[in-house]
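Data first, discussion second: the structure below is written as structure tokens.
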Amino acid sequence: MSTIVMNFAKVVTRIREAEQAEARQSGSTALLAVSKTQPAAAIRAAHAAGQLDFGENYLQEALDKQVELRDLPLTWHFIGPLQSNKTRAVAEHFAWVHSLDRLKIAERLSAQRPADLPPLNVCLQVNLSDEHSKSGCRTDETAALARQIAALPRLKLRGLMAIPAPSEDPLEQRAAFARLRQLKESLPPELSLDTLSMGMSQDLEAAIAEGATWVRVGTALFGAREYGQPSPTKESP
Ligand SMILES: *Cc1c(COP(=O)(O)O)cnc(C)c1O
């Protein structure tokens, strides 16, 4: 068995065990394979292991891989920092954006989403630790921004996303994810949010314990990267 296939089996087992430990329904956490910096061949191997959802951070790299892999029925998620000049390509070539954190970008994505595609699924990225990160909206502006984004015709606001400051301590990890869950629960029910995008290779158990519906996993599936850590202060390699 290839390393990628074995890694997938391990990560899926971690996810199912974490769900079981919290008496969550099996399969209620979806796996987003973060394939940034990985070659198309690695994505092909992951697809052969049954994976359909892939997350990318760097637009040009993602577009190149999408062309190489257009024979596969993959769902693409944009999870990196998003500047105005990149919105059109993201609106045209992705099914999800997890890293939306400004109204201006949301308005552009909605205006540029092609009419023949379903609305673009989006998560509002929240900055849980203001000193750590530059990406993400402030917690105190989340509710207003969520309402404005939900009103845009070609976007479907699904929920919230965060990248907490890295921690080795499971209790600290859980506390950060609990804050995102509570923030989501505090938003108006008429927004019908169903998504919490949180948890990575190191902390997916803590995220699942706090209700993650997507865990975004790179290293544990594909091995270590030379660049492209999810440090929100680093925009691109
Ligand atoms: C790179 C990245 C991940 C995956 O991180 P790993 O630690 O490799 O699992 C998840 N989310 C975002 C936003 C990332 O940039």
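Counting from 1, the numbers follow the sequence of the chain as shown. All ligand and atom numbering here is 1-based and tracks the order in the structure.
Of all the heavy atoms of I79, the ones lying under 4.0 Å from any atom of ligand 1 are found in both the backbone and the side chain. If you look at H98 next to ligand 1, there are no close heavy atoms at all, none under 4.0 Å.
Scanning all heavy atoms of the two residues, the minimum distance from A162 to R216 falls at O-NH2, 3.3 Å.
Ligand-side atoms of ligand 1 in range of G218: 4 (C), 6 (P), 8 (O), 9 (O), range being under 4.0 angstrom from any heavy atom. Annotation for ligand 1: atoms under 4.0 Å from non-hydrogen atoms of R216 are 4 (C), 9 (O), 10 (C), 11 (N), 12 (C), 13 (C). Short contacts between ligand 1 and I163, defined as distances under 4.0 Å to a heavy atom of the residue, involve ligand atoms 13 (C). Near T219, the atoms of ligand 1 lying under 4.0 angstrom from a non-hydrogen atom of the residue are 6 (P), 7 (O), 8 (O), 9 (O). Those atoms of ligand 1 that come under 4.0 Å of a heavy atom in N57, given as number and element, are 14 (C), 15 (O).
Each of F94, Y58, F54 was checked for a ring-ring contact (aromatic ring centres under 6.0 Å, His included) with F78, and the lone residue meeting it is F94.
When ring centroids are compared, W96 and W214 come within the 6.0 Å threshold.
By the 3.5 Å distance cut-off applied to N or O atoms, V217 is not counted among the residues near ligand 1.
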Residue pair K65, E68: steps toward the salt bridge (Lys or Arg N to Asp or Glu O under 4.0 Å) verdict: CA-CA 5 Å; K65 284 188 262 186; E68 274 188 75; over 6 Å; no
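Side-chain atoms of R147 never come within 3.5 Å of backbone atoms of L191 as a donor-acceptor pair (strictly under, hydrogens ignored). A donor-acceptor contact shorter than 3.5 Å is absent between the side chain of E205 and the backbone of A207.
Using a 4.0 Å cutoff on heavy atoms, R225 counts as a contact of ligand 1. For the pair Q202 and ligand 1, no heavy-atom separation below 4.0 Å is found.
In this structure, E210 pairs ionically with R174, as a charged nitrogen and a carboxylate oxygen lie closer than 4.0 Å.
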